[in-house]
Number of protein chains: 2
Amino acid sequence: MSEHIRISEAEGAVMKLLWEKEPLSAGEIIERLQHQTDWSDQTIKTFLNRLLNKEAIRFEKTGRTYLYYPIVTRDQYMKAENRSFLNRVYDGAVGLMCAKFLEDEKLSESDIEQLQQLLDKKRKDG
Amino acid sequence: MSEHIRISEAEGAVMKLLWEKEPLSAGEIIERLQHQTDWSDQTIKTFLNRLLNKEAIRFEKTGRTYLYYPIVTRDQYMKAENRSFLNRVYDGAVGLMCAKFLEDEKLSESDIEQLQQLLDKKRKDG
DNA sequence: ACAATAAGATTACACGCGTAAACAATCCAT
DNA sequence: ATGGATTGTTTACGCGTGTAATCTTATTGT
């Protein structure tokens, strides 16, 4: 069942673009990525192809241009990555993990408030 | 300068043992890991060797037995993994990441309380 | 002292991924 | 219709990793 599609880091960069705006043509994807990275167009095409093979994205051929759409959602991706990270590094100990992040990373005021609200809600009906 | 030692998932399992109790002999490490995994002893020896080469661990030869010690600390490891995960998946957005974890994962009462205290403290003197 | 055993070192191999060149197919412009 | 440009497909290659067999060296029992 859907056999746990694994999206690599570089492939993730492509997916992020498609999650922002869908669909995108190969040209658009290449252009945007070349602003952020130093990948050649061929390299980016490779990633598109691998994502197609993994069925993480699909395309629709409208006349001359291929338009790409994500199949895997950002939410699915984040959830899967979270799980594997949490288990790999923290053996599933969410509390420890969050604590470590809060300890090391800078959070804005609004981040903090937002998290406090989430925690409150979780305490009530979690 | 310490050139960012990258510890793989399987190697991480070895490190975790050494972070729990230090030092350990190869035999002890092999025995413990074979309870948790289905790796052969040779496989585990490979990981020990790679960790030695990466200088993530070291050993002391006391008579016949090699005793292994971690060089990289658990804290260094968690910090590095956190950073790379945060950037890879969330482009550095800690708030978003924590929110996603809180949304998807179960936290115990005490986890929640602990985190709330951390957030309080962070808001004050962060 | 020597054979058996144990422990570490070396070598191996397939697969995913980052990286990209080479090749093929399609379409526009002339 | 044809050649160049565009875009997609195939092939390639080195490195890290999971997986382990084999080789070497050291230790220990007899």
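- Residue-environment remark: CZ (A/Arg83) stays at or below the threshold of 12 foreign heavy atoms within 6.0 Å.
- The interatomic distance linking B/Ile57 (CD1) with C/dG8 (P) rounds to 10 Å, in whole Å.
- Between the P atom of C/dA20 and the CG atom of A/Asn49 lies a distance of 16 Å, rounded to the nearest Å.
- The CG-P distance, from A/Asn53 to D/dG8, rounds to 14 Å in whole Å.
- Across A/Arg50, A/Arg6, A/Lys54, a single residue satisfies salt bridge (Lys or Arg N to Asp or Glu O under 4.0 Å) together with A/Glu11, and that is A/Lys54.
- Among the heavy atoms of the strands, none lies under 4.0 Å from A/Phe59.
- Residues A/Lys45 and A/Tyr66 each lie close to DNA chain C; by heavy-atom proximity, the contact nearer the 5' end of the strand is made by A/Lys45.
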Handout entry: B/Lys106/B/Asp111 under salt bridge (charged side-chain N to carboxylate O under 4.0 Å, His left out): CA gap, chis, key distance, verdict
Key = CA-CA 10 Å; B/Lys106 322 211 171 318; B/Asp111 276 340; over 6 Å; no
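- Distance CD (A/Glu28) to P (D/dG8): 11 Å, rounded to an integer number of Å.
- A residue-by-residue look at A/Asp41 and B/Gly27 shows that B/Gly27 has its nearest nucleotide of DNA chain C further toward the 5' end.
- Per the geometry, CG belonging to B/Leu52 stands 14 Å off C1' belonging to C/dT10, to the nearest Å.
- The nearest whole Å value for the distance from the CG atom in A/Leu33 to the P atom in C/dA20 is 13 Å.
- Side chain to side chain, A/Asp41 and A/Gln34 fail the donor-acceptor criterion of an N or O pair below 3.5 Å.
- None of A/Tyr68, A/Tyr77, A/Tyr69 except one satisfies the ring-ring contact (aromatic ring centres under 6.0 Å, His included) rule with A/Trp19; the exception is A/Tyr77.
- If you take NZ of A/Lys61 and C1' of C/dT26, they are 7 Å apart, rounded to a whole angstrom.
- Under the 4.0 Å criterion applied to side-chain N and carboxylate O atoms, A/Lys79 and B/Glu103 are not assigned as salt-bridge partners.
- Atom CD1 in A/Ile44 sits about 9 Å away from atom P in C/dA20, given to the nearest Å.
- Contact of B/Gln42 with C/dA9 (side chain to base): a donor-acceptor pair of N or O atoms is detected under 3.5 Å.
- When the side-chain nitrogen and oxygen atoms of A/Tyr68 are compared with OP1 and OP2 of D/dG8, one or more of them lie within a distance under 4.0 Å.
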Exercise for the section: Using a 4.0 Å heavy-atom cut-off, write out nucleotides 13-19 of chain C from 5' to 3' as B (base contacted by protein), S (sugar-phosphate only) or - (no contact). Expected result: ----BBB
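- Within a 6.0 Å radius of CD in A/Glu55, no more than 12 heavy atoms belonging to other residues, nucleotides or ligands are found.
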